[in-house]
There are 2 protein chains.
Amino acid sequence: MKDVGHCPLQCEKINSVLSRIGDRWSILVMIALKGRQVMRFNELKRHLGITQRMLSLTLRELERDGLVNRTAYATVPPTVEYELTDLGQSFAETIGVMGEWAVEHLAEIDRARAEYDRRNAA
Amino acid sequence: MKDVGHCPLQCEKINSVLSRIGDRWSILVMIALKGRQVMRFNELKRHLGITQRMLSLTLRELERDGLVNRTAYATVPPTVEYELTDLGQSFAETIGVMGEWAVEHLAEIDRARAEYDRRNAA
DNA sequence: CAGTATCCTTTACGATACTG
DNA sequence: CAGTATCGTAAAGGATACTG
């Protein structure tokens, strides 16, 4: 992303994090790994309903950022397992906080949205 | 977004929230409002380095979701103030948790990334 | 000042086909 | 099984010009 202007420090940092895991898939992959500990490629694919391409790209980025660990076994056919690193685990906790908020307040958002739409109905 | 397959409840909720405020600007706007309480349109624009178009769209969505309040005064030229609602304030707290994580661990991500790149340097 | 309208570019993502 | 490569589409977002 580009320059964020006069934002405070924390703002820039959040921005950096969001630039990295701000896409929907990264977070969903981490949530999946958080609950299941270790998962294989196609297991994740089926679980999330993600395409091979996006899962491949997403996992590579998460690995690059030190959030997930990739372990390949030299079997035929190949076996590859993914799991959260300690860093990834710690971030997943943070996501969990947001998840709890979501579960608690999503209905309120829906209500607000419905009312807004009702008010602005042409 | 589309079907998330066999994700647990929390996963779907998180996904819903991310679909709403998952873009970079929504979160940055909320952070700005969190710190400053009340801000006017152009004040936010200058503060964030966002384009008029994106700020306008972002604020409307946040208002629609019940996260920010918009108050227009019938002055000439017009004065419009934005602030977080209680719901928005509560969500901003959640963002704050992520912000703290970011401040604490961003350097680790950078290290991991640098090392990954070094290992995979052709 | 606080927007809206239009255009255009970039990015994200899916679909599909192929491979060690 | 676990990917990569290629292609096409749709959405996000910036630049610019205009308005009550």
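None of the values given here were measured: they were computed from a predicted structure. Below, chains carry the letters A, B, ... as their sequence lines are ordered, and counting in each starts from 1.
- At D/dT4, one or more side-chain N or O atoms of A/S56 fall inside 4.0 Å of OP1 or OP2 (strictly under the cut-off).
- The listed nucleotides are D/dA17, D/dC1, D/dG14; the one nearest the side chain of B/Q52 is D/dA17.
- Screening B/T58, B/L55, B/T51 for a side chain to side chain contact (heavy atoms under 4.5 Å, CB included) with B/W25, the sole residue that qualifies is B/T58.
- Ion pairing between a basic and an acidic side chain is recognised when a charged N comes within 4.0 Å of a carboxylate O; B/R60 and B/E63 show no such pairing.
- Within a 6.0 Å radius of CG in B/D86, no more than 12 heavy atoms belonging to other residues, nucleotides or ligands are found.
- Each end of the helix from C/dC1-D/dG20 to C/dG20-D/dC1 gets its own axis from five base pairs, and the two axes differ in direction by 50°, given to 10 degrees.
- In this model, the phosphate group of D/dG3 is approached by a side-chain N or O of A/Y82 to a distance below 4.0 Å at OP1 or OP2.
- The separation between B/R24 atom CZ and D/dA11 atom P is 17 Å, rounded to whole Å.
- Among the protein residues, B/Y73 comes within range of no part of the nucleic acid, since none of its heavy atoms lies under 4.0 Å from any strand.
- Distance from the side chain of B/W25 is smallest for D/dG14 among the nucleotides C/dC1, D/dA2, D/dG14.
- Applying the ring-ring contact (aromatic ring centres under 6.0 Å, His included) test to every pair with at least one member in residues 69-94 of chain A, sequence neighbours left out, gives these pairs: A/F91-B/W101.
- Residue-level contact check: A/R53 touches the bases, meaning some heavy atom is under 4.0 Å from a base atom.
- Taking only side-chain atoms of A/P78, from C-beta outward, the nucleotide of C/dT4, D/dC1, C/dC1 with the closest atom is D/dC1.
- Listed candidates were D/dA2, C/dT4, C/dG3. Nearest to the side chain of B/F41 is C/dG3.
- Side-chain nitrogen and oxygen atoms of A/R70 include at least one within less than 4.0 Å of the OP1 or OP2 phosphate oxygen of D/dG3.
- Remark: P of C/dG14 and CG of A/L55 are 11 Å apart, rounded to the nearest angstrom.
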